[in-house]
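Have a look at the structure below before the remarks.
Note that these values count all heavy atoms, side chains included, but never hydrogens, waters or copies made by symmetry. The shown structure was predicted, so the numbers you read here are calculated from the model rather than taken from an experiment.
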2 protein chains.
Amino acid sequence: MSTNDLRVVKTKQALHNALLTLLSEKPLENITIAEICRVAKVNRGTFYLHYEQKEGLFEEYFQEIMEDLNNSYEEPYRAVTTLDKNQIDPNTIRIFHHIERFKLFYRIVFSKNVPLTYYYMLFDGIFALLKRDITIHNKVHDEISIEYYSAYQANAIIGLIIQWYRQDFEDSVSTLNKQLASILRIGE
Amino acid sequence: MSTNDLRVVKTKQALHNALLTLLSEKPLENITIAEICRVAKVNRGTFYLHYEQKEGLFEEYFQEIMEDLNNSYEEPYRAVTTLDKNQIDPNTIRIFHHIERFKLFYRIVFSKNVPLTYYYMLFDGIFALLKRDITIHNKVHDEISIEYYSAYQANAIIGLIIQWYRQDFEDSVSTLNKQLASILRIGE
DNA sequence: TATTTTAATGAACACATGTTCAATATCTAA
DNA sequence: TTAGATATTGAACATGTGTTCATTAAAATA
């Protein structure tokens, strides 16, 4: 099933468009595979040739969004996890911008009937960024596992995002940045 | 649909037992409602009278487990979020004990094809505990929202648990406690 | 362009979902 | 204990799921 084959490209594009169309009408959980295929005018068997669940289709979008997250972290940036808290500049924290930019997607990602997969994709994305940073600055005390520490910090940030999501992203990005900066400053 | 009615009690009990039986054989995602009903010898229509999805049935177990979490936090305890980090005693951190006690359940809760609902139940449980504690000690700086701060701390702990889960809970409870204590000591 | 390769199709299958409704069995309260 | 209330049942229905297989159509390549 070569990804370059025009037939494959065409089929996937049709399925992507169909999913997007349906997502503007109703939540992912209420969309069926049969429905997507009807809209895309693609045989249902063909769907299963490429994906196992509708979630797999959704994941392809997510990949692109995760790339945006990574790009938004390209240099120049200064990390939020630097142990020297004085270095923190709220404006350098780009994660919240990213979330806001794709809040239509993140409303789906954080909705309660959706599988944990997407959560883990976000977690892994942030985890990798923080871990890279922690490793670069490598100031963590010996007795702390970098893995645990990264998981701790990454998920803490997602905790803020959950709280933000639950108020339907009403607070501004800069409010979130300030909250994070203030929290990290505690204990100085 | 009175909860006291013996018929209701009996039906729910049968469904609970059936779910438990099936869970010992295969993951929740591979268990169907029809299957649960067959094992429980309960009409499928009756299932829908009480629950919408098999997840609703699972949630009832979760409630009990959340009670254990709350109980494990009864006094005497000293909180992990006290801003004066010197007060932290790893032995007072009971969350990891709780997770380990119910690791059979938490393996399900953290599996990637399960809905986010369970994650939120755990999050809300820890969130409430930490918020109560933060409010009692109420040492958070003015500019920090207690909601955001609690969400941050609660999810950070779950971050450790995710990392723990991903290594199939191989580390000991005391390792987790020490990691948390060390992380909290950073920045002192 | 002609030939080969292979993705997509349509039909069919067994089974699951979610819902309805009249008939029945079981419980509660008098 | 009986009468009334109601939870449960079984049957049926339209639709979705996941899979199979021979056929067809569209792409790659030579």
Selection from D/dT9, C/dT28, D/dG16 that lies nearest to any side-chain heavy atom of A/Arg38: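 Of the options given, the side chain of A/Arg38 lies nearest D/dG16.
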For DNA chain C, determine which residues of residues 7-16 of chain A have any heavy atom closer than 4.0 angstrom to one of its atoms, and list them numerically.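 Result for residues 7-16 of chain A: A/Arg7, A/Val8, A/Thr11, sorted by number.
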Residues touching DNA chain C, which here means a heavy atom under 4.0 Å, drawn from residues 51-62 of chain A: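 Heavy-atom contacts with DNA chain C come from no residue of residues 51-62 of chain A; none.
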Examine C/dT19: is either OP1 or OP2 under 4.0 Å from a nitrogen or oxygen in the side chain of B/Tyr48? Give yes or no.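 For C/dT19, OP1/OP2 do not have a side-chain N/O of B/Tyr48 under 4.0 Å.
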A/His50 side chain near C/dA7 phosphate (N/O to OP1/OP2, under 4.0 Å):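 No, no such contact exists.
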Residues in ring pair (Phe, Tyr, Trp, His ring centres under 6.0 Å) with A/Phe58, at least two apart?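 Here the qualifying residues are A/Phe105, A/Tyr118.
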Would A/Lys12 and A/Glu60 pass as an ion pair if we require N to O under 4.0 Å?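 Yes.
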Taking the basic N atoms (NZ, or NE/NH1/NH2) and the acidic carboxylate oxygens, is any pair closer than 4.0 Å for A/Arg107 and A/Asp168?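 So A/Arg107 pairs with A/Asp168 through a salt bridge.
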Name the orientation class of the two ring planes belonging to B/Tyr165 and B/Phe110 (parallel below 30°, tilted from 30 to 60°, perpendicular beyond 60°).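 Taking B/Phe110 first and then B/Tyr165, their aromatic rings sit tilted (interplane angle of 30° to 60°).
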Fit a plane to each ring of B/Phe123 and B/Tyr120, take the angle between them on a 0 to 90° scale, and name the class: parallel (under 30°), tilted (30 to 60°) or perpendicular (over 60°).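 B/Phe123 vs B/Tyr120 ring planes: perpendicular.
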Rounded to whole Å, how long is the line connecting atom [atom1] of [X] with atom [atom2] of [N]?
X: A/Leu22; N: D/dG16; atom1: CG; atom2: P; result: 12 Å
X: A/Asn4; N: D/dA28; atom1: CG; atom2: P; result: 9 Å
X: B/Leu6; N: C/dA29; atom1: CG; atom2: P; result: 11 Å
X: A/Asp5; N: D/dA27; atom1: CG; atom2: C1'; result: 5 Å
X: A/Leu49; N: C/dT6; atom1: CG; atom2: P; result: 13 Å

Members of residues 25-35 of chain B that approach DNA chain D, where some heavy atom sits under 4.0 Å away: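 Contacting residues: none.
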Anything under 3.5 Å between a protein N or O and an N or O of nucleotides 10-13 of chain D, put it in a table, one pair a line.
from: D/dG10; atom 1: N7; to: B/Asn43; atom 2: OD1; distance (Å): 3.4
from: D/dG10; atom 1: N7; to: B/Asn43; atom 2: ND2; distance (Å): 2.9

According to a hydrophobic-cluster definition based on side-chain heavy atoms being under 4.5 Å apart (Ile, Leu, Val, Met, Phe, Trp, Tyr only), do B/Leu15 and B/Val9 belong together?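 No, because B/Leu15 and B/Val9 fall into different hydrophobic clusters, even though each may have its own neighbours under 4.5 Å.
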Please report the closest heavy-atom contact between B/Asp68 and B/His98, naming both atoms and the distance.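 Heavy-atom minimum between the residues: OD2-ND1, 2.7 Å.
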Might you point out which heavy atoms bring B/Asn113 and A/Gln53 nearest each other, and give the distance in Å?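 Reported closest heavy-atom pair: OD1-OE1, 4.0 Å.
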Aromatic ring proximity A/Tyr51/A/Phe47, centre distance under 6.0 Å: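 Between A/Phe47 and A/Tyr51, which both carry aromatic rings, the centre distance is below 6.0 Å.
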With a 4.5 Å limit on heavy-atom distance, are the side chains of B/Ile126 and B/Leu69 in contact?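 In short, these two side chains touch, coming nearer than 4.5 Å.
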Between B/Val114 and B/Val109, is there a side-chain heavy-atom distance shorter than 4.5 Å?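 Not in contact.
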What pairs of residues pass the salt bridge (Lys or Arg N to Asp or Glu O under 4.0 Å) test when at least one of them lies in residues 35-50 of chain B, not counting sequence neighbours?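 Of all non-adjacent pairs touching residues 35-50 of chain B, those that pass salt bridge (Lys or Arg N to Asp or Glu O under 4.0 Å) are B/Lys26-B/Glu35.
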Quick one: does B/Tyr148's side chain have a donor or acceptor within less than 3.5 Å of a partner on A/Leu180's backbone?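 Absent.
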